[in-house]
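Letters A, B, ... mirror the listed sequences (proteins, then strands); counts begin at 1.
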There are 2 protein chains.
Amino acid sequence: MAHPRTPDAELIGKIARVFRQHGYEGASMARLSAATSLEKASLYHRFPGGKDEMVAAAAAAGNAWFSEHVLQPISQPGEPAAQIKLVCLRLREFYEDGKLPCVLEALSLPAGSEPLHEALASSLDAWLGAFTQLARNSGFTPAAARDRAEQAIIEIEGSLVLARVKADTGPFLRAIRKLPRLLTEPSI
Amino acid sequence: MAHPRTPDAELIGKIARVFRQHGYEGASMARLSAATSLEKASLYHRFPGGKDEMVAAAAAAGNAWFSEHVLQPISQPGEPAAQIKLVCLRLREFYEDGKLPCVLEALSLPAGSEPLHEALASSLDAWLGAFTQLARNSGFTPAAARDRAEQAIIEIEGSLVLARVKADTGPFLRAIRKLPRLLTEPSI
DNA sequence: GTCTATAGCTTGATAGAC
DNA sequence: GTCTATCAAGCTATAGAC
């Protein structure tokens, strides 16, 4: 197949935000139209596959941003202590200090298609792998590094839920502040 | 009586499960009708307020079950070590070993009404308070107990998200296994 | 109290003008 | 590429028979 036409990044960003905030079923064409300032027919022109193609693009864009700005710095050689600081900064950016739900969470309710759920699981695996690598570089054993990575992601996801229910970003910001110790200090 | 009335508790239980699995917008009347084996008109007879009344009843029922079976045992005088074991059992029951999302999470996306979100926040507060009390009874200082309680709930909520995305209950079951140390052993 | 039937609106998606 | 106009299907909710 030929290269699919490169979609507009800004457009997909706006679409992705609607899916993150409202989930798959809550992201109606009316909301997507309002958020993008494009009529529904125009959205279908850009995404002939409809909502399924839009949510796939949103998930892919979220994964791309996350991979580039959060995970890729970890995969470079460097000081773990410096790397984790950058990761914390980028996570606060990605989640807007805890005000924005995680793509993985918002789209993992049973509404989405099977390929979407596979994409989410694959993104999570990449995240786990990168955090594991960072922990290993900090001196953890392979098994301990895997545990720390999972623990870190659990705390991020859980704190986002608490922050949303309480309408208070505190839990998320505290979870981020704990990350360096969790992932790079074997002596806890 | 050709069609005996389904007991309220059983009916609400079935409704609550739909809301937990699909969220507010995904819990359509068609799904609620199928899950309860009641026609839509019958559901409106029982809940004249429509979906809003149903979701309120579901949240209240979830909160009632949780308060009675998880939180109330903690509020009794007793050995923390024994109490936390019961709590773990009841949590595995409530979340069906990690296969069922948390009510707080599923209903906290911006679809619901304001009273619903207040009810969810209030349920979370009660949960935090009960876990804090348990930690205090185990010898934690008030501040440390509060931290442990929040940490415990973060790990439960986060592990549920991971379990759902990975389609693997492992993260949740491990989080539950860690709970006794987290909440009742100040010497970690 | 539950049902069938239906109203009225919103949804996802399409056709065709410009 | 975006728009207006429209469709069929789905949605929440109601009316009225039994």
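- For Lys40(B), the side-chain atoms get nearest to dT12(D) when compared with the rest of dC3(C), dT12(D), dG12(C).
- One can place CZ of Phe47(B) at 10 Å from P of dT2(C), the figure rounded to the nearest angstrom.
- You'll find the side chain of Ser138(A) stays beyond 4.5 Å of the side chain of Leu183(A), heavy atoms only.
- The distance between atom CD of Glu25(A) and atom C1' of dG10(D), rounded to the nearest whole Å, is 12 Å.
- Distance Phe19(B) CZ to dT12(D) C1': 12 Å, rounded to the nearest Å.
- Using a 4.0 Å cut-off, some side-chain N or O of Ser42(A) falls inside it from OP1 or OP2 of dC3(D).
- By the 4.0 Å N-to-carboxylate-O rule, Glu25(A) lies close enough to Arg31(B) to be salt-bridged with it.
- Atom-to-atom, CG of Leu38(B) to P of dT4(C) comes out at 11 Å; the value is rounded to the nearest Å.
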Original post:
So Glu155(A) and Gln151(A), side chain to side chain donor-acceptor pair (under 3.5 Å) or not? Walk me through it.
Top reply: CA-CA 6 Å; Glu155(A) 294 191 11; Gln151(A) 180 68 15; 2.8 Å; yes
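- Residues Tyr44(A) and Glu39(B) each lie close to DNA chain C; by heavy-atom proximity, the contact nearer the 5' end of the strand is made by Glu39(B).
- Atom P of nucleotide dA5(C) and atom NE2 of His45(B) are separated by 20 Å, given to the nearest angstrom.
- Here the P atom of nucleotide dT12(D) and the NE2 atom of His22(B) are 13 Å apart, to the nearest Å.
- The aromatic rings of Trp127(B) and Phe131(B) sit perpendicular, their planes meeting at an angle over 60°, well past the 30° parallel limit.
- Taking atom CZ of residue Arg31(B) and atom P of nucleotide dA9(D), one finds them 19 Å apart after rounding to whole Å.
- Look at Glu150(A) and Arg174(B) and you find a salt bridge, because one of the NZ, NE, NH1 or NH2 atoms lies within 4.0 Å of a carboxylate O, short of that distance.
- Dashed line: the shortest gap from a side-chain N or O of Arg46(A) to OP1 or OP2 of dT2(D) is under 4.0 Å.
- Looking at the side chain of Ala30(A), the nearest of the listed nucleotides dC11(D), dC3(D), dT11(C) is dT11(C).
- Put simply, NZ on Lys51(B) is 12 Å from C1' on dT10(C), counting in whole angstrom units.
- Side-chain proximity of Ala41(B) to dC3(D), dT2(D), dA5(C): nearest is dA5(C).
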